[in-house]
There are 2 protein chains.
Amino acid sequence: MLLRIEFESDIPIYMQIKNQIIEGIALGMLKEGDELPSIRQLASDFGINLHTVKKAYDILKDEGFLSVHRRKGYVVTKNASADDNFIEELKKDLQPILANAFSRGMTEDEILKICREILEQFKNGM
Amino acid sequence: MLLRIEFESDIPIYMQIKNQIIEGIALGMLKEGDELPSIRQLASDFGINLHTVKKAYDILKDEGFLSVHRRKGYVVTKNASADDNFIEELKKDLQPILANAFSRGMTEDEILKICREILEQFKNGM
DNA sequence: TATGTGTTATATTATAAATATAACACATAT
DNA sequence: ATATGTGTTATATTTATAATATAACACATA
């Protein structure tokens, strides 16, 4: 599992880590039972603080993507489900992004094509 | 054009304003030439600061959704295009959101259905 | 000339993100 | 037993971003 952090990005570091781990799971690069690097290890690799990594991991734990074992550390656990609550959040997240694309003149088909391409990656486990 | 601000939201106020104006354009509620409330007016309506509103408006101006006239104030101008640069950003924005949905077990069809529903709103100008 | 637009500048406060350090709890390899 | 490597908790500090507060200015036009 390769992580890269863009320090110049406007996306907070803990969010980049969180997002990339979810993407790793979606792509099949991270499977149930896989152990993640320890918070100290990852922090050290990137020259960032232990708490920044822990924040990302803890959010993923709360959401059901990770669980934690005393000795093994954080482990992939796919307990996150797409309940009604999540669907609502999903719509709220997508709404402004799709509105932006549509307002710039993209057609429904053009926009859906991009969504399909991204989802295709996940299905094929690239 | 009705705006609502959620002060408890984790989304910054200027971002909520920005997003809702883009959604207004996507929904056809805001059309080319429409004048927005003045920054002082909108700030006063919501009990927020003039600069918070200006920040939102200025971003929209930079992106080509608004232009500004000395007397009329900020006006809807659809100069925002979906160039290669935007498409790249769009993919980057969609990637983590779709990964999240997919990792929770949603199928491609289920996810695309939600995208279609949102886009349908825009096409029908709800 | 008064009024209502946006603009610019400066300072301050509030909140979130990230860091720095230290000490602790727990499992297990040695 | 003890050392080591996990995560955990606590506290304080620094940095960056968001939001506010005030004031003065430029411009168009009624």
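Fair warning: this is a prediction, and the values are worked out from it, not measured in the lab.
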Checklist entry - For DNA chain D, which residues in residues 3-22 of chain B have a heavy atom at a distance below 4.0 Å? => result Pro12(B), Ile13(B), Tyr14(B)
Item to check | Glu117(A): partners by salt bridge (Lys or Arg N to Asp or Glu O under 4.0 Å), with sequence neighbours left out | outcome: Lys113(A)
Checklist entry - Contacts to DNA chain C from residues 35-52 of chain B, heavy-atom cutoff under 4.0 Å, which residues? => result Ser38(B), Ile39(B), Arg40(B), His51(B)
Item to check | Separation between NZ of Lys123(B) and OG1 of Thr107(A), rounded to the nearest 0.5 Å | outcome: 9.0 Å
Checklist outcome for this item: Heavy-atom nearest nucleotide on DNA chain C taken for Lys55(A) and for Tyr57(B); more 5' hit belongs to Tyr57(B)
Checklist entry - Would Ile17(B) and Tyr14(B) count as a side-chain contact (heavy atoms from CB on, under 4.5 Å) if you check the C-alpha gap in whole Å, the side-chain angles of each, and the deciding distance to 0.1 Å? => result CA-CA 5 Å; Ile17(B) 295 172; Tyr14(B) 79 92; 5.6 Å; no
Checklist entry - Given Watson-Crick or G-U pairs with both distances under 3.5 Å, what dot-bracket string fits DNA chain D, with | for other-strand pairs and [ ] for crossing? => result ||||||||||||||||||||||||||||||
Item to check | Minimum heavy-atom distance Phe46(B)-Phe7(B), with the two atoms named | outcome: O-CZ, 3.6 Å
Checklist outcome for this item: Distance col, row Ile97(B):CD1 vs Asn19(A):CG, nearest 0.5 angstrom, shows 8.5 Å
Next on the checklist: What's the separation between atom CE in Met29(A) and atom CD in Gln20(A), rounded to the nearest 0.5 Å?
Outcome noted: 9.0 Å
Next on the checklist: Show the nearest heavy-atom pair for residues Cys115(A) and Leu112(B), with the distance to one decimal.
Outcome noted: CB-CD2, 3.8 Å
Checklist outcome for this item: Expected list for residues 65-76 of chain A near DNA chain C, using heavy atoms below 4.0 Å, is Arg70(A), Arg71(A)
Item to check | Residues which pass side chain to side chain donor-acceptor pair (under 3.5 Å) with Asn49(A), listed by chain and number, not counting sequence neighbours | outcome: His51(A)
Checklist entry - Taking ILVMFWY side chains as joined if any heavy atoms are under 4.5 angstrom apart, and letting links pass through other members, which residues group with Leu2(A)? => result none
Checklist entry - So how far is it from Gln95(B) CD to Leu27(A) CG, rounded to the nearest 0.5 Å? => result 6.5 Å
Checklist entry - Which ILVMFWY residues are connected to Val75(B), directly or by a chain of links, through side-chain heavy atoms under 4.5 Å apart? => result none
When the side chains of residues 80-91 of chain A are checked against the rest of the protein, which donor-acceptor pairs come out under 3.5 Å, sequence neighbours left out?
{"unit_1": "Asp83(A)", "atom_1": "OD1", "unit_2": "Asn85(A)", "atom_2": "N", "d": "3.4"}
{"unit_1": "Asp83(A)", "atom_1": "OD1", "unit_2": "Phe86(A)", "atom_2": "N", "d": "2.8"}

Checklist entry - So where does chain B start and stop touching DNA chain D, 5' to 3', when the test is distance under 4.0 Å to a non-hydrogen atom? => result dA18(D) to dT29(D)
Run the side-chain donor-acceptor check on residues 59-74 of chain A: report pairs under 3.5 Å with partners two or more places apart or on a different chain.
{"unit_1": "Ser67(A)", "atom_1": "OG", "unit_2": "Thr77(A)", "atom_2": "OG1", "d": "2.7"}
{"unit_1": "Tyr74(A)", "atom_1": "OH", "unit_2": "Asp58(A)", "atom_2": "OD1", "d": "2.8"}

Next on the checklist: Show every side chain to side chain donor-acceptor pair (under 3.5 Å) that has at least one partner inside residues 38-48 of chain B, sequence neighbours left out.
Outcome noted: Gln41(B)-Asp45(B)
Item to check | same_hphob_cluster(Ile22(B), Ile13(B)) at 4.5 Å side-chain heavy-atom cutoff | outcome: yes
